[in-house]
Protein chains: 2
Amino acid sequence: MNIGEIAKRAGVSRSTVSYVLSGRRRVSDATRGRIQAVIDELDYRPNASARALREGRTQALGLVIPPAGRRLTGMQLEFVASVVEAAARADMDVLLSPSGGDHDRSFERIVSGRRVDGVILMEIRLEDDRVTRLQQSGLPFVTIGRTADPHTTSWVDVDYAGLIGRCVHHLADLGHRHVALINRSAELLASGYGPGHRATAGFDAAVAERGLDGVTLSCGDDGRSGEMCVEQLLAAHPQVTAIATVNEAALPGIRRALDTAGLVVPRDFSITGVAAQHWAEEFRPPLTAADVPIVEMGTEAVNLLLAAIAGPGTPLGRHLYRPPISLRSSTGPAPRVSR
Amino acid sequence: MNIGEIAKRAGVSRSTVSYVLSGRRRVSDATRGRIQAVIDELDYRPNASARALREGRTQALGLVIPPAGRRLTGMQLEFVASVVEAAARADMDVLLSPSGGDHDRSFERIVSGRRVDGVILMEIRLEDDRVTRLQQSGLPFVTIGRTADPHTTSWVDVDYAGLIGRCVHHLADLGHRHVALINRSAELLASGYGPGHRATAGFDAAVAERGLDGVTLSCGDDGRSGEMCVEQLLAAHPQVTAIATVNEAALPGIRRALDTAGLVVPRDFSITGVAAQHWAEEFRPPLTAADVPIVEMGTEAVNLLLAAIAGPGTPLGRHLYRPPISLRSSTGPAPRVSR
DNA sequence: TTGTAGGCGTTATCAA
DNA sequence: TTGATAACGCCTACAA
C-alpha cells in the first residue's frame with residue numbers, strides 16, 4: 001500500500017495525495033474528500049523509510065543506555081520512561097542503544113547510519129568517547145550528566161556536589177561529627193563517572209568546612225553491596241553516626257545492615273542523600289533526601305534536543321538541577337554516646 | 001556523505017562500492033583496497049533509511065511497553081533490557097512504543113508506517129486490540145504473555161496458574177491451612193490481564209484440591225500498596241499464616257507490613273510466589289519462589305520474532321515457562337497456634 | 001572484473 | 001486547482 005495506489009483509486013496524481021496528507025497546499029474540498037475517503041478506507045499511512053529518505057529526518061531519537069549486564073537502577077529506568085514519554089508527545093520514536101564505553105556496533109549504527117535525528121546520552125563520564133564521536137558527527141545530542149568540559153555541549157545534570165554538601169551541613173547542624181559518604185561503585189568512579197566524583201568533592205568540601213570527620217566508601221549498585229558496605233563501615237568506623245549517599249540502589253541493603261546492627265533510624269543513626277522521590281519515600285523511615293526531578297530532567301533533555309534538531313543554530317542549553325532537600329524522618333540529632 | 005561520494009573518490013562506480021560493502025560479488029583486491037581505504041578514511045556507513053526503503057527491511061524491532069505513568073516493574077524492565085540485548089546481538093535496533101490499551105499514535109506509527117520489521121508486545125491482555133491490529137497488518141509479532149486464544153499467535157509466557165498451584169501445594173505440605181494470594185492490581189485484573197487471572201485460577205484450584213481456606217487480594221504494583229494490602233489481610237483474616245504472590249513490586253511493602261505486625265518470617269508467617277530471581281534474593285529472608293527466567297524469555301521472544309521475519313512461513317513458536325521453585329528461607333511449617 | 005540504469009515511496013518544484 | 005517529474009541513497013539485474 002503506497003501513495004500511488006491511493007492516487008489511482010481516488011483518480012488523482014500522487015502529488016495531490018501527498019498534499020492532502022501534509023496540508024502544504026490547497027486542495028479542493030471535493031478532491032480532498034475523495035482522497036481522504038480512500039485513505040481512511042485502506043487505513044493508509046506513509047512509509048516512514050521513504051519519508052525519512054526524502055526529508056532527511058527520521059522522526060526518531062536515539063537513547064543510549066548503559067549496556068545490559070549491569071542492571072539499570074530505578075533512577076535510570078525512570079529517565080528512560082520519561083524520555084520515551086516526552087518523545088512520544090512530540091511524535092518522535094525512541095531507538096534504544098545499549099552502549100558502553102567505546103565504539104559499539106549499536107551506537108555506530110544509530111549515529112553514522114543516520115537512523116535518528118538526535119541522541120540522548122545517559123550515564124556519561126567526565127571524559128567520554130561517545131561525546132567526542134557525536135561532536136564530530138554533527139548529530140545534535142544532549143547528555144544527562146556532563147563531561148569535564150561542560151561548555152561545549154547541551155546537558156541536564158544534578159548538582160551532586162552541592163546537594164551532598166547540603167546533606168553534610170544538615171547532618172552537622174544536627175550535631176553529627178563523624179559522617180560517611182556512600183558513593184557509587186569503584187569501577188564507575190575509576191571510569192571517571194561524574195556524579196561520583198562530584199559527590200566526593202562536595203562531601204570533602206563540606207566536611208572540611210564544618211570540621212567533621214568524614215569517611216568515603218564506594219559501593220555497588222545493588223542491595224547486597226549496600227549491606228556489605230555498611231557492615232564494613234560500622235566495623236571499621238564505630239564512631240560514625242550518619243550516612244549521606246548517592247547510591248539509591250544500595251538503600252535497601254543499607255537499611256538491612258542497620259537493622260542487623262540493631263540501630264534504630266533516626267534515633268541511633270541518621271541517613272540522607274540524593275535519590276529519586278519514589279525511593280526516598282519507599283525507605284523506612286522515609287528518607288530525608290534531595291529528590292532528583294527525574295521526569296522534569298528527562299523532559300527537558302528531550303526539549304533541548306528537539307530545539308537543536310529544529311534549529312541547527314540553536315544555542316547550547318544547560319540545566320543544573322539543585323532540588324531542595326525534603327525533610328522526612330531519617331535524620332535526627334546525633335546520639336549522645338558513641339556506640 | 002553517500003555511496004556516490006565514496007565511488008567518486010575511489011574512482012569507481014557506485015555499484016562497486018555497494019558490492020564491497022555487501023560482499024555479494026567478487027571485487028579485485030586492488031579495487032577493494034582502494035575503496036575500503038576511502039570508506040575508512042571518511043568513516044562512511046550506508047544511510048539506514050535508503051537501505052530500508054530499498055530492501056523493505058528496517059533492521060529494527062518494535063517493543064511495546066506499558067505506557068508511562070504506570071511505573072515499570074523490575075520484571076518489565078528486565079524484559080526490556082533482555083530484548084534490547086538480544087536484538088543488538090542480531091544487529092537489530094529496538095524502537096520503544098509506550099502504548100496502552102487501544103489505538104495509540106506511537107503504536108500506529110510503528111506498525112502502519114513500517115518502521116519496524118516485527119513487534120514484541122509486552123503485558124498483553126486476554127483480549128487485546130493490539131494483537132488483532134497486528135494480525136491484520138501482517139507484521140510479524142511475538143507476545144510476552146498470551147491472549148485467551150493462544151493458538152493463533154507466537155508467544156512466550158510463564159505458567160502462572162501452575163506455579164501458583166505449586167506454591168500452594170508447598171504451603172499445604174508445610175501444614176498451612178489458611179493461605180492468601182496477593183495478586184496484581186484490580187485495574188489490571190479488570191482489564192483482563194492474563195497472568196492475574198491465571199494466578200487466581202491456579203490458586204483456587206490448588207486451594208480446593210487441598211481443602212484449604214483461601215483468600216484472594218488485588219494489590220497495586222508498588223511497595224505502599226503491598227503494605228496496605230497485608231495490613232488489611234492481617235486484620236480481616238487473622239487466621240491466615242501464609243501468602244503466595246505474583247506481585248513482586250509489592251514485596252518490599254509486604255515485608256514492612258509483616259515487620260510492623262511483629263511477625264517473623266518464616267517462624268510466624270510464610271511467604272512465597274513467583275518473582276524475578278533478583279527480587280527473590282533481595283527479600284529478607286530470601287524468598288522461596290519460582291524464579292521467572294526473564295533473560296531467557298526475552299531472548300527467546302526475539303529469536304521467535306527473528307525467525308518469523310526471516311521466513312514468513314515459519315510455524316508459530318510458543319514457549320510456556322514453568323521454572324522450578326527455588327527453596328530459600330521464607331517458608332516454614334505453619335505456626336502451631338493462630339495469632 | 002566492473003559499469004549502467006531502474007526503482008523502492010515520498011515530497012516538492014515546475015508546468016499547465 | 002491539479003499533474004508530471006526529479007531527487008533522496010541504496011541495491012541489484014543486466015550489460016559490457
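Below, chain A is the first sequence line, B the second, and so on; all start at residue 1. This one's a predicted model, so the numbers in the text were calculated from it and none came from an experiment.
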Starting at [atom1] of [X] and ending at [atom2] of [N], how long is that distance when rounded to a whole Å?
| X | N | atom1 | atom2 | answer |
| --- | --- | --- | --- | --- |
| B/Arg57 | D/dG9 | CZ | P | 23 Å |
| A/Glu55 | D/dA7 | CD | C1' | 12 Å |
| A/Arg34 | D/dT2 | CZ | P | 8 Å |
| B/Lys8 | D/dC10 | NZ | C1' | 17 Å |
| A/Arg26 | D/dT2 | CZ | P | 9 Å |
| B/Glu5 | D/dC8 | CD | C1' | 15 Å |
| A/Arg115 | D/dG9 | CZ | P | 17 Å |
| A/Gln59 | C/dT10 | CD | P | 15 Å |

Tell me, yes or no, whether the heavy-atom count around [X] atom [atom1], taken from other residues, nucleotides or ligands under 6.0 Å, exceeds 12.
| X | atom1 | result |
| --- | --- | --- |
| B/Glu5 | CD | yes |
| A/Gln135 | CD | yes |
| B/Arg25 | CZ | yes |

Name the closest nucleotide to the [X] side chain, picking from [options].
| X | options | answer |
| --- | --- | --- |
| A/Val27 | D/dT2, D/dC11, C/dT1 | D/dT2 |
| B/Arg54 | D/dT12, C/dG3, D/dA4 | D/dT12 |
| A/Asn47 | C/dT10, D/dG9, C/dT11 | C/dT10 |
| A/Ser15 | D/dG3, C/dT10, C/dG6 | D/dG3 |

To the closest 0.5 Å, what do you measure between [atom1] ([X]) and [atom2] ([Y])?
| X | Y | atom1 | atom2 | answer |
| --- | --- | --- | --- | --- |
| A/Leu306 | A/Leu61 | CG | CG | 6.0 Å |
| A/Trp155 | A/Leu121 | CH2 | CG | 15.0 Å |
| B/Ile124 | B/Arg130 | CD1 | CZ | 7.5 Å |

Problem - 5' precedence on DNA chain C between B/Thr31 and A/Leu21 (nearest-nucleotide basis) - result: B/Thr31

Exercise for the section: Would you kindly compare B/Gly11 and B/Leu53 by the position of their nearest DNA chain C nucleotide and give the one closer to the 5′ end? Expected result: B/Gly11

Exercise for the section: Determine: side-chain N/O of A/Tyr44 to OP1/OP2 of C/dT10, distance under 4.0 Å, yes or no. Expected result: yes

Practice task
Measure distances between side-chain N and O atoms of A/Ser28 and base N and O atoms of D/dT2, and say whether any donor-acceptor pair falls under 3.5 Å.
Solution key: no

Practice task
Determine whether any donor atom in the side chain of B/Arg51 lies under 3.5 Å from an acceptor atom in the base of D/dC10, or the reverse, and answer yes or no.
Solution key: no

Fill in the blank from the handout: Taking five pairs at each terminus, the helix from C/dT1-D/dA16 to C/dA16-D/dT1 shows an axis bend, to 10°, of 50°

If you look at every strand shown and take non-hydrogen atoms under 4.0 Å, does [X] touch a base, only sugar-phosphate, or nothing?
| X | result |
| --- | --- |
| B/Thr16 | sugar-phosphate |
| B/Arg14 | base |
| B/Arg25 | base |

Exercise for the section: Indicate yes or no: does B/Asp43 engage A/Arg133 in a salt bridge with an N to O separation below 4.0 Å. Expected result: yes

Handout entry: B/Thr31-B/Ser28 side chain donor-acceptor pair, cut-off 3.5 Å
Key = yes

Problem - Comparing B/Ser22 and A/Asp29 on DNA chain D - which has the more 5′ nearest nucleotide - result: A/Asp29

Problem - B/Ser49 vs B/Arg24, nearer the 5' end of DNA chain D by closest nucleotide - result: B/Ser49

